Amino acid sequence: MSPTQQLLQNADLISQGAEAKVYKAYLRQLPTSGQARNAASDSPDHEVLEPVLLKYRFHKQYRHPSLDTSLTRQRIAGESRALMRCMKSGVNVPGIRMVDANEGVLGIEWIEGKSVRQLLPGGAELEDINELEEMDEVDDTDATDALAEYGVSRDALMDMIGVEIAKMHSSDVIHGDLTTSNMMLKKKTRDLVLIDFGLAYYSTLVEDKAVDLYVLERAFASTHPDSEPLFSGVLAAYEKRTGKNWVPIKRRLDDVRLRGRKRSMVG
Amino acid sequence: MMETYYYSQFNHAVVHVALFDDVTNSTAIRSRIIQAARILGVDGDTEREAINFAFIDARLISSLLHLQTAIYQALLSEAQGQLRTKTIHSEILWALNPTNNITEAIRRYGVSDASTTLIVIRVDVSNILDVQRRMCDIVQGSMVTFEALKQMTDWSTIKKHYKLDAEPALKEVQGKQDRERAIVNNIIVSSVAMKNVVA
């Protein structure tokens with residue numbers, strides 16, 4: 001078995017989608033007591049390993065194997081590039097830790113924290129397979145409590161979301177799947193981190209940025225009841241950060257709201 | 001002080017890394033590496049095994065994670081039969097350099113006459129007993145903990161090699177040294193990790 005397959009075998013499955021499986025894993029192991037002595041090594045025994053998140057784009061049986069390999073490779077390269085572009089522009093995104101394009105695995109920094117979806121009312125429904133057993137206990141008060149525990153107000157959270165998306169758009173990265181599940185509040189730093197760049201792409205078009213915002217607006221409306229004031233907070237922060245480029249995006253966002261995400265190809 | 005890493009997924013590979021400060025014989029180490037390649041016969045094999053380590057100038061390493069990421073990608077390339085250089089040790093140097101030029105990688109990241117701080121790495125299939133002594137036999141200097149790496153890193157040269165000076169992420173945190181270094185570290189660790197898909 002290949003090294004990366006072995007790595008996956010020892011990893012914990014966190015969630016599974018149509019395109020990929022997501023795992024929590026460790027890239028190396030701590031010594032077993034016998035080994036440490038042999039090595040005459042002074043590596044501290046209390047050393048704590050940092051976990052990584054592995055995104056495994058598994059083989060799709062419905063595709064020809066060579067097409068499958070090249071598509072997987074391209075998508076991992078695309079996701080890595082989008083993350084790198086964001087990092088260089090100061091957008092909070094997870095760092096890259098390991099890439100195995102042959103096996104379809106992208107390893108990124110493990111972010112300890114909660115998704116924005118979990119922090120807002122209505123978002124507590126099951127998201128991960130691990131949350132199944134917690135189902136009966138969750139209700140809206142939990143979301144509010146969780147946010148309070150982080151010491152971040154709801155308005156401040158909306159502000160942070162707007163700022164991160166504005167930074168990302170100003171570097172011409174379109175996320176492609178902005179939802180409240182794809183944003184996390186990092187426990188340690190209280191930073192808002194954008195995640196899952198699997199559908200991200202590069203574009204300077206006002207249309208693409210407006211659609212990105214529209215997708216998020218729809219996600220807010222469908223996941224979180226009475227979210228209009230929340231999303232206005234996001235847009236206000238986005239506007240402030242975007243400056244003079246806001247006007248055309250705003251105008252286009254109004255158009256998109258009337259016609260929906262897909263632009264008509266008639267004529 | 002020497003650190004040892006264990007990777008069960010790579011046939012239980014064991015990697016030893018050590019940091020040396022106040023190194024006085026880098027010129028000699030360098031010529032010994034070059035000489036070893038030319039010696040024929042059994043003597044040559046013995047000498048090549050004696051210096052079978054990666055020697056890295058610690059000035060261009062921003063963190064232990066930076067080093068560990070390069071080691072991981074080199075192990076992966078070796079396991080997949082896709083080494084771009086002759087050995088796993090030179091592959092680590094290649095992984096650290098932003099370009100694909102092997103000579104440049106060795107010139108920048110390898111031991112040079114001016115090196116006074118060195119990181120020595122040995123990748124092995126199993127734990128060997130006297131690695132630390134063997135490292136100390138080659139390098140004249142004092143082995144220190146990786147805590148000391150912070151004082152050795154030459155951030156401006158790293159930023160130059162990775163062409164990061166004009167990036168908005170750095171402009172935004174101008175004057176805040178800790179923030180800037182964390183961002184630079186995150187960018188170069190990520191660059192090392194993704195090198196095989198962009199190259």
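In the text below, chain A, chain B and the rest are named by the order of the sequence lines, each starting its count at 1. Nothing here was measured: the structure is a model prediction, and the numbers come from that model.
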Query raised in the report: Residues of residues 57-72 of chain B under 4.5 Å from chain A (heavy atom pairs)?
Result: B:Leu65, B:Gln68, B:Thr69, B:Tyr72

Query - Residue pair B:Gln73, A:Asp100: steps toward the side chain to side chain donor-acceptor pair (under 3.5 Å) verdict - result: CA-CA 8 Å; B:Gln73 291 303 122; A:Asp100 183 349; over 6 Å; no

Query raised in the report: In this structure, are over 12 heavy atoms from other groups packed under 6.0 Å from A:Asp191 atom CG?
Result: yes

Requested in this report: Can you establish whether the number of heavy atoms outside A:Lys187 located under 6.0 Å from its atom NZ is more than 12?
Outcome: no

Requested in this report: Check each atom of A:Met98 against the heavy atoms of chain B and say whether the ones under 4.5 Å are side chain, backbone, both or neither.
Outcome: both

Report summary line: Under 4.5 Å to a heavy atom of chain B? For A:Asn102 that would be side chain

Query raised in the report: Looking only at heavy atoms, which of residues 161-171 of chain B get nearer than 4.5 Å to chain A?
Result: B:Leu164, B:Glu167, B:Pro168, B:Ala169

Query raised in the report: Has A:Glu50 got more than 12 heavy atoms of other residues, nucleotides or ligands less than 6.0 Å from its CD?
Result: no

Requested in this report: Return yes when atom CG of B:Leu40 has more than 12 non-hydrogen atoms of other residues, nucleotides or ligands closer than 6.0 Å, and no otherwise.
Outcome: no

Requested in this report: Quick one: which of A:Glu109, A:Arg97, A:Lys167 has the most heavy-atom pairs under 4.5 Å with chain B, could you say?
Outcome: A:Arg97

Query - Residue A:Gln61 excluded, over 12 heavy atoms near CD under 6.0 Å - result: no

Report task. First locate atom CG of B:Asn186, then atom NZ of A:Lys88, and finally report the distance between them rounded to the nearest 0.5 Å. Result -> 12.0 Å

Query - Positive for side chain to side chain contact (heavy atoms under 4.5 Å, CB included) with B:Met194, one of A:Ile76, A:Leu106, A:Leu83, A:Ile96 - result: A:Ile96

Requested in this report: Could you tell me whether A:Arg28 and B:Glu3 make a salt bridge, using a distance below 4.0 angstrom between a side-chain N and a carboxylate O?
Outcome: no

Report task. Could you grab the distance from atom CZ of B:Phe10 to atom OG1 of A:Thr4, nearest 0.5 Å is fine? Result -> 6.0 Å

Report summary line: Between the CG atom in A:Leu30 and the OG1 atom in B:Thr4, the distance rounded to the nearest 0.5 Å is 12.0 Å

Query - Any donor-acceptor pair under 3.5 Å from B:Gln9 side chain to A:Leu27 backbone - result: yes

Report task. Return yes when atom CD of B:Glu49 has more than 12 non-hydrogen atoms of other residues, nucleotides or ligands closer than 6.0 Å, and no otherwise. Result -> yes

Query raised in the report: In terms of heavy-atom proximity below 4.5 Å to chain A, should B:Ile187 be classed as side chain, backbone, both, or neither?
Result: both

Query raised in the report: B:Ser191 versus chain A, heavy atoms under 4.5 Å apart: side chain, backbone, both or neither?
Result: both

**Report entry** Top contributor to chain B contacts, counting heavy-atom pairs under 4.5 Å, from A:Cys86, A:Ser89, A:Gly90
**Finding:** A:Ser89

Requested in this report: State the CG-OG distance between A:Asn10 and B:Ser8, to the nearest 0.5 angstrom.
Outcome: 6.0 Å

Query raised in the report: For B:Arg179, does the CZ atom have more than 12 heavy-atom neighbours from other residues, nucleotides or ligands under 6.0 Å away?
Result: no

